[in-house]
Amino acid sequence: MSRDRSFAAVKKAIGGGSSFSGKRNVLVSMGERSFLYKDVFVSATYNIAYMQMDIDVVWEDDSSQPDYRTLGLHGRYNSHFQEFQYDDGYLRWNDGTASISILF
């Protein structure tokens with residue numbers, strides 16, 4: 001996937017604007033295991049300096065799930081390094097062996 005398609009996927013997920021911030025459920029799938037981080041703060045912003053879309057996830061908002069670092073996840077993702085896809089209301093991408101989905 002190209003950077004342009006990844007950028008466009010994030011823009012489509014947030015309704016075409018340049019930013020989004022709010023609470024969302026985030027599903028992390030790792031093979032047979034899945035973790036649902038409920039009602040965590042998510043933001044999507046246009047980073048003008050790098051001409052990319054940044055996605056921030058505050059995993060710590062759901063302390064009932066494992067610490068995100070123990071799963072190898074990150075707090076910030078961007079359209080230059082992740083291949084974002086938007087399908088059926090979900091923004092999806094991979095982080096290592098994890099598949100991440102956010103319902104917008």
Side-chain angles (χ1 to χ4, degrees):
M1 176 178 276
S2 74
R3 288 182 179 177
D4 290 340
R5 286 186 182 171
S6 188
F7 184 96
V10 176
K11 294 281 284 182
K12 188 173 182 181
I14 64 172
S18 61
S19 67
F20 166 86
S21 61
K23 300 277 188 162
R24 291 289 182 259
N25 292 336
V26 182
L27 179 64
V28 177
S29 299
M30 303 179 82
E32 298 293 318
R33 300 182 308 158
S34 292
F35 306 95
L36 180 60
Y37 290 80
K38 294 183 181 179
D39 207 29
V40 297
F41 184 80
V42 172
S43 69
T45 54
Y46 177 60
N47 183 329
I48 194 166
Y50 292 100
M51 296 173 49
Q52 67 189 20
M53 294 300 292
D54 292 335
I55 300 288
D56 293 306
V57 180
V58 182
W59 303 103
E60 298 91 344
D61 282 351
D62 186 352
S63 60
S64 71
Q65 296 299 322
D67 183 297
Y68 72 99
R69 292 170 290 222
T70 65
L71 298 176
L73 302 175
H74 299 86
R76 173 168 281 181
Y77 301 92
N78 68 67
S79 60
H80 279 191
F81 292 102
Q82 276 71 45
E83 292 186 8
F84 294 106
Q85 296 178 331
Y86 182 70
D87 301 304
D88 300 324
Y90 287 91
L91 182 66
R92 295 184 171 100
W93 70 96
N94 293 325
D95 184 359
T97 61
S99 173
I100 302 170
S101 301
I102 300 175
L103 177 61
F104 280 91

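This one's a predicted model, so the numbers in the text were calculated from it and none came from an experiment.
Looking at Ser99, its side chain never comes within 3.5 Å of a backbone N or O of Ser29 through a donor-acceptor pair. A distance-only check finds no donor-acceptor pair linking the side chain of Asn78 to the backbone of Gln52 [under 3.5 Å].
The CZ atom of Arg24 lies 10.5 Å from the CZ atom of Phe41; values are rounded to the nearest 0.5 Å. For the atom pair Phe20 CZ and Asp56 CG, the distance stands at 12.0 Å (nearest 0.5 Å). Atom CD of Gln85 is separated from atom CZ of Arg92 by 8.5 Å, given to the nearest 0.5 angstrom. To the nearest 0.5 Å, atom CE of residue Met53 and atom OG of residue Ser18 are 7.0 Å apart.
The two residues Glu83 and Trp93 come nearest to each other via the heavy atoms O-CB, 3.8 Å. Minimum heavy-atom separation, Ser19 to Thr45: CB-CG2, 4.2 Å. In plain terms, the two heavy atoms of Ala13 and Phe104 that are nearest each other are O-CB, 3.3 Å. For Gly17 against Lys11, the heavy-atom pair with the smallest separation is O-NZ, 2.8 Å. Residues Ser34 and Leu27 share a closest heavy-atom pair of CB-CD1, 4.2 Å.
The shortest distance between side-chain heavy atoms of Asn25 and Leu103 does not fall below 4.5 Å. Contact annotation: the side chain of Leu91 approaches that of Val10 to within less than 4.5 Å [non-hydrogen atoms, C-beta and beyond]. Annotation: side chain of Met51 is in contact with side chain of Tyr46 (closest heavy-atom distance under 4.5 Å). In this structure, Val42 and Ile102 have side chains that are in contact, with non-hydrogen atoms separated by less than 4.5 Å. Looking only at side-chain heavy atoms (C-beta outward), Ile55 and Gln82 stay at 4.5 Å or farther from each other.
One hydrophobic cluster holds both Phe7 and Tyr77 under the rule that ILVMFWY side chains link at heavy-atom gaps under 4.5 Å. Hydrophobic clustering (ILVMFWY, side-chain heavy atoms < 4.5 Å, transitive): Val57 and Phe35 are in one cluster. The hydrophobic clustering, which links ILVMFWY residues whose side-chain heavy atoms are closer than 4.5 Å, places Phe81 and Ile48 apart.
By the side-chain contact (heavy atoms from CB on, under 4.5 Å) test, Ala98 is found to be paired with Val28, Met30, Leu73, residues two or more places apart in sequence or in another chain being considered.
Environment of CG in Asp67: crowded, with over 12 heavy atoms of neighbouring residues, nucleotides or ligands closer than 6.0 Å. Residue Lys23 qualifies as enclosed at atom NZ: its count of foreign heavy atoms under 6.0 Å is above 12.
Separation of the Tyr37 and Tyr68 ring centroids does not fall under the 6.0 Å cut-off.
Checked by atom type, the side-chain pair Asp4/Ser2 shows no donor-acceptor distance below 3.5 Å. For the residue pair Asp54 / Asn47, a side-chain donor-acceptor distance below 3.5 Å is found, with atom types taken as modelled.
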